Asks: 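Sharing a structure, written as structure tokens. Questions coming.
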There are 2 protein chains.
Amino acid sequence: MKNTRNTIAKAAIFELIKNSKVALSHAEIQELNQEACDRVTIYRILDRLTAEDVIHKIVTPSGTVKYAACHHADHEEQHHVHNHVHFNCEVCQLVTCLENVEPTFKLPANYKVNQVNFTVSGICPSCAL
Amino acid sequence: MKNTRNTIAKAAIFELIKNSKVALSHAEIQELNQEACDRVTIYRILDRLTAEDVIHKIVTPSGTVKYAACHHADHEEQHHVHNHVHFNCEVCQLVTCLENVEPTFKLPANYKVNQVNFTVSGICPSCAL
DNA sequence: AATTAAACGCAACAAAGTTGCATTTAAGAA
DNA sequence: TTCTTAAATGCAACTTTGTTGCGTTTAATT
Ligand SMILES: [Mn+2]
Ligand SMILES: [Mn+2]
Ligand SMILES: [Zn+2]
Ligand SMILES: [Zn+2]
């Protein structure tokens, strides 16, 4: 694996994502980070954190990209598959990892799975009241 | 429901999507259509066809948006839920609807589902050879 | 044929993401 | 500690993707 360095910006952005109860977009991260580093740097840090498997990328049906921390045990698996469901509320727009909801499905023969992206959109319990 | 008209451009684009074995992006559609109409018009037609439920939108883990024809029986349901899996090959980049693969999952109480987007990426049978 | 709102083209804009390159800096070696 | 070097950053420029406003065209109904 290629060498990776622990920089201030990387640590700060990881903290933001780890402490958030909901998935964050690039724009939200930039704002939360008080513009402490360049937009481009954030893109690159997000790519690195994703490659290191400490955060994962979520793409909603509307096309917006968000990031959330991984909650699997460290180094438990070489390359974790994020097969849990992400819920995207159409009202509050928040995206949450439903870590306990893991869909079961069976692909036809000879398909090799590397990554899954399960996103469900609708209305979350808070907005349903 | 709002009035919708059958224009030449709309019919042409629907044909392209219907006759394609794989899901198509906006850019691919524009090229296949020989630039016969404006980019903006294509965006609007895709929105209309999606609203009419004759095509559906697929967002891949890499963030690219594609469209595929719906294969459910016409008017079978008021608002069809596209709960089948889409496979995105990392080698050939093609996105295919696996109509027969419908994951089962159970959300916690009080979540209302309106739409799902299940995308699996990896290596397709053709590229695995 | 007349009417009318849907659809269109075009220009301008906005958001999201990428690339190249000079400069800075984390981290291991001396 | 200092030296070394490739990783990481900032900045500018650019591309790709999608949106909006508005005047004109056109499908569909009367
Ligand atoms: Mn995870
Ligand atoms: Mn369908
Ligand atoms: Zn909500
Ligand atoms: Zn393939």
Side-chain angles (χ1 to χ4, degrees), chain A residues 1-17 23-68 88 90 93 95 117 119 121, chain B residues 1-17 23-68 88 90 93 95 117 119 121:
Chain A
M1 207 213 286
K2 204 184 31 172
N3 256 17
T4 180
R5 293 180 184 175
N6 292 319
T7 65
I8 304 160
K10 184 186 169 192
I13 285 167
F14 179 51
E15 279 303 299
L16 286 176
I17 297 173
L24 299 174
S25 68
H26 172 274
E28 288 162 345
I29 291 167
Q30 189 178 11
E31 180 152 16
L32 286 171
N33 197 38
Q34 311 274 8
E35 320 268 326
C37 71
D38 196 76
R39 308 185 326 109
V40 179
T41 301
I42 296 178
Y43 280 116
R44 298 198 261 229
I45 288 174
L46 291 173
D47 284 347
R48 263 184 288 153
L49 291 172
T50 303
E52 290 169 14
D53 225 22
V54 294
I55 66 174
H56 57 284
K57 186 177 179 176
I58 304 157
V59 182
T60 73
S62 61
T64 57
V65 174
K66 303 220 170 188
Y67 296 86
N88 179 25
E90 291 165 356
Q93 294 294 339
V95 174
N117 185 66
T119 310
S121 63
Chain B
M1 204 212 289
K2 206 185 28 173
N3 255 17
T4 180
R5 293 181 183 174
N6 292 319
T7 65
I8 302 160
K10 184 185 170 192
I13 286 167
F14 180 51
E15 279 303 300
L16 285 176
I17 297 173
L24 300 174
S25 67
H26 173 274
E28 288 162 344
I29 291 166
Q30 190 179 9
E31 179 152 17
L32 286 171
N33 196 37
Q34 310 274 9
E35 321 268 325
C37 69
D38 196 73
R39 308 188 324 109
V40 180
T41 301
I42 296 178
Y43 279 116
R44 299 199 259 230
I45 288 172
L46 290 172
D47 284 347
R48 262 183 287 152
L49 290 172
T50 303
E52 291 169 14
D53 225 21
V54 294
I55 67 173
H56 58 284
K57 184 177 181 176
I58 304 157
V59 182
T60 72
S62 60
T64 57
V65 174
K66 303 221 169 188
Y67 295 87
N88 179 24
E90 291 165 355
Q93 295 294 340
V95 173
N117 185 67
T119 309
S121 63

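In this text, all values refer to a predicted model and were calculated from it rather than measured experimentally. Chain naming here is simple, since letters A, B, ... match the order of the sequence lines and numbering starts at 1 in each.
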Asks: Can you check each nucleotide of nucleotides 19-30 of chain C against protein heavy atoms at under 4.0 Å and return B for base, S for sugar-phosphate only, - for none, in 5' to 3' order?
Replies: BB----BBS---
Asks: What is the distance, to the nearest angstrom, from the OH atom on A:Tyr67 to the P atom on C:dG17?
Replies: 7 Å
Asks: Nearest-Å distance, OH (B:Tyr43) to C1' (C:dC13)?
Replies: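 So the OH-C1' distance, B:Tyr43 to C:dC13, works out to 14 Å.
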Asks: Holding to side-chain hydrogen bond (donor to acceptor under 3.5 Å, both in side chains), I want the full list of residues that pass it with B:Thr64, two or more places apart in sequence or in another chain.
Replies: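 Per chain and number, B:Thr64 pairs via side-chain hydrogen bond (donor to acceptor under 3.5 Å, both in side chains) with B:Thr60.
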Asks: Give the minimum heavy-atom separation between A:Asp38 and A:Val40, together with the two atoms involved.
Replies: OD2-N, 3.0 Å
Asks: Under the side chain to side chain contact (heavy atoms under 4.5 Å, CB included) rule, collect the residues that match up with B:Asp47, sequence neighbours excluded.
Replies: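 Testing B:Asp47 for side chain to side chain contact (heavy atoms under 4.5 Å, CB included), a comparison that skips the adjacent residues, returns none.
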Asks: Give, for atom OG1 of A:Thr50 and atom NE2 of A:His56, the distance between the pair rounded to the nearest 0.5 Å.
Replies: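 The OG1 atom of A:Thr50 sits 9.5 Å away from the NE2 atom of A:His56.
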Asks: Can you name the residues that form a side chain to side chain contact (heavy atoms under 4.5 Å, CB included) with B:Glu28, not counting sequence neighbours?
Replies: B:Leu24, B:Ser25, B:Lys66
Asks: Could you give the distance from CD1 (A:Ile17) to OH (A:Tyr67), rounded to the nearest 0.5 Å?
Replies: 8.5 Å
Asks: Let me know the distance between CZ of B:Phe14 and C1' of C:dA7, rounded to the nearest Å.
Replies: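 After rounding, the gap between these two atoms is 18 Å.
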Asks: Heavy atom of residues 31-39 of chain A under 4.0 Å from DNA chain C: which residues?
Replies: A:Arg39
Asks: Once side chain to side chain contact (heavy atoms under 4.5 Å, CB included) is applied, do any residues pair with A:Glu90, and if so which ones, sequence neighbours excluded?
Replies: A:Ser121, B:Asn114, B:Gln115
Asks: Rounded off to whole Å, could you give me the CD1-to-P distance for the A:Ile45 and C:dG17 pair?
Replies: 15 Å
Asks: Please report how far the helix from C:dA1-D:dT30 to C:dA30-D:dT1 bends, comparing the axis fitted to its first five pairs with the axis fitted to its last five, to the nearest 10 degrees.
Replies: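 One end axis against the other gives 40°.
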Asks: Between C1' on C:dA6 and CG on B:Asp47, what's the gap in Å once rounded to a whole number?
Replies: 15 Å
Asks: Calculate the interatomic distance between B:Leu46 atom CG and D:dT19 atom C1'; express it in whole Å.
Replies: 14 Å
Asks: What's the NZ-P distance between B:Lys10 and D:dA27, to the nearest Å?
Replies: 13 Å
Asks: Distance-only criterion, 3.5 Å: show the donor-acceptor pairs between side-chain atoms of residues 5-14 of chain B and protein atoms not counting sequence neighbours.
Replies:
unit_1  : atom_1 : unit_2  : atom_2 : d
B:Thr7  : OG1    : B:Lys10 : N      : 3.2
B:Lys10 : NZ     : B:Glu52 : OE1    : 3.2
B:Lys10 : NZ     : B:Glu52 : OE2    : 3.0

Asks: Using whole Å, report how far CD1 of A:Ile42 lies from C1' of C:dA16.
Replies: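 It works out to 13 Å between those atoms.
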Asks: Taking salt bridge (charged side-chain N to carboxylate O under 4.0 Å, His left out) as the test, write out the residues that go with A:Glu15, two or more places apart.
Replies: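 Applying salt bridge (charged side-chain N to carboxylate O under 4.0 Å, His left out) to A:Glu15 gives A:Lys18.
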Asks: Return the minimal non-hydrogen interatomic distance between A:Leu16 and A:Ile29, and the atom names on each side.
Replies: CD1-O, 4.0 Å
Asks: Taking side chain to side chain contact (heavy atoms under 4.5 Å, CB included) as the definition, give me every residue that meets it alongside A:Arg39, ordered by chain and number, with sequence neighbours left out.
Replies: A:His26, A:Gln30, A:Tyr43
